[in-house]
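Both ligands and their constituent atoms are indexed starting at 1 by order of listing. Nothing fancy with the numbering, it's 1 onward along the sequence.
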Amino acid sequence: MEICRTITACRAAAAGFRATGARVGLVTTMGALHAGHMALIEAAKAGSDRVVATIFVNPTQFGDPADLDAYPRREADDLAKLKAAGVDAVFIPEASEIYPEGDETIVETTRLAGLYHGAVRPGHFRGVATVVARLFNIVQADAAWFGEKDYQQLAVIRRMVRDLHFPIEINGVPTVREPDGLALSSRNARLAPEDRAAAPVLHRALLAADAAAKQGATAEALDRIIRDTLAAEPRAVLAGLDIVEPEGFARATGPLTGPVAIMLSATFGDILLLDQKEIRP
Ligand code: PAF
């Protein structure tokens, strides 16, 4: 596995793969890799000939500097996992490589970035779109894989790729969960034990909404069921709950006439966790 710390080295590695006619797959990460990331790598390996992974804790998508500082960094462990998974090259740049001095260019999906989770974390999706656009431009992969857990992030990336005509295929990968239903996230390791025990309430709330939808519940009824489920868990503080149509992200109202996506986030202590489920009536 090639380890590239500069854009020049990463471009050379990816160009070398392309020169052999290989289809190049990309998985972008912020490190602290868990089984959810490894599912992305597995999907990328199945869908391409060569896989490039990136590890970059992107400062521009964090609103709170303390959150950025606290983000886990486990380079040696991450590299070992990527190598064992058969990744061909990994790009681990410094922030100054991605954001050169005097940097002033941003990428923003102007509508989607401000909606829902974007309203809870202003600037977050601008940071995500900006870094992902730069990574796409550096690696020039044929396809990239992203987790569906970060549902709005995936929508932002799809929209950016469409609007900016990036020649890359975007694939979503289903959320990987702990046996008790908690969606895997690098943030889970930072939960206090009591919060870790409480956190599966997010998944329980989504399952309750799914069951109600199958019985004909309206979007408003699903909203109430999720709020009530969260309210019964005193350690969970609801941060965001949005029930949207998967295509345009319009808020769903009234009886469900087709699939909807539920995007849910809550804090446990000072840790914000996200979960998501697409449901069908
Ligand atoms: O999902 C993530 O880990 C990050 O938001 C991403 C896509 C790697 C951009 O920094």
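- Under the rule for a side chain to side chain donor-acceptor pair (under 3.5 Å), the partners of Asn58 that lie at least two apart in sequence or sit in another chain are Thr60, Gln61, Tyr99.
- Annotation: atom 5 (O) of ligand 1 to nearest protein heavy atom, Gln153 OE1, 2.7 Å.
- In this structure a side-chain-to-backbone donor-acceptor pair under 3.5 Å is present from Arg158 to Ile170.
- When non-hydrogen atoms are compared, ligand 1 lies under 4.0 Å from the side chain of Val131 (C-beta onward) but not from its backbone.
- For atom 3 (O) of ligand 1, the nearest protein heavy atom (residue, atom name, distance) is Met30 CG, 3.8 Å.
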Exercise for review: With side chain to side chain donor-acceptor pair (under 3.5 Å) as the test, would you mind laying out the steps for Gln152 and Asp150 before giving the verdict?
Suggested key: CA-CA 6 Å; Gln152 193 171 349; Asp150 297 310; over 6 Å; no
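- In this structure, Asp275 pairs ionically with Arg177, as a charged nitrogen and a carboxylate oxygen lie closer than 4.0 Å.
- For ligand 1, the atoms lying closer than 4.0 Å to a non-hydrogen atom of Thr28 are 7 (C), 8 (C).
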Kindly list each side-chain donor-acceptor pair under 3.5 angstrom involving residues 239-253, sequence neighbours excluded, with atom names and distances?
unit_1	atom_1	unit_2	atom_2	d
Asp242	OD1	Arg251	NH1	3.2
Asp242	OD1	Arg251	NH2	3.0

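- In this structure, atom 9 (C) of ligand 1 lies nearest to the protein heavy atom Gln61 OE1, 3.3 Å.
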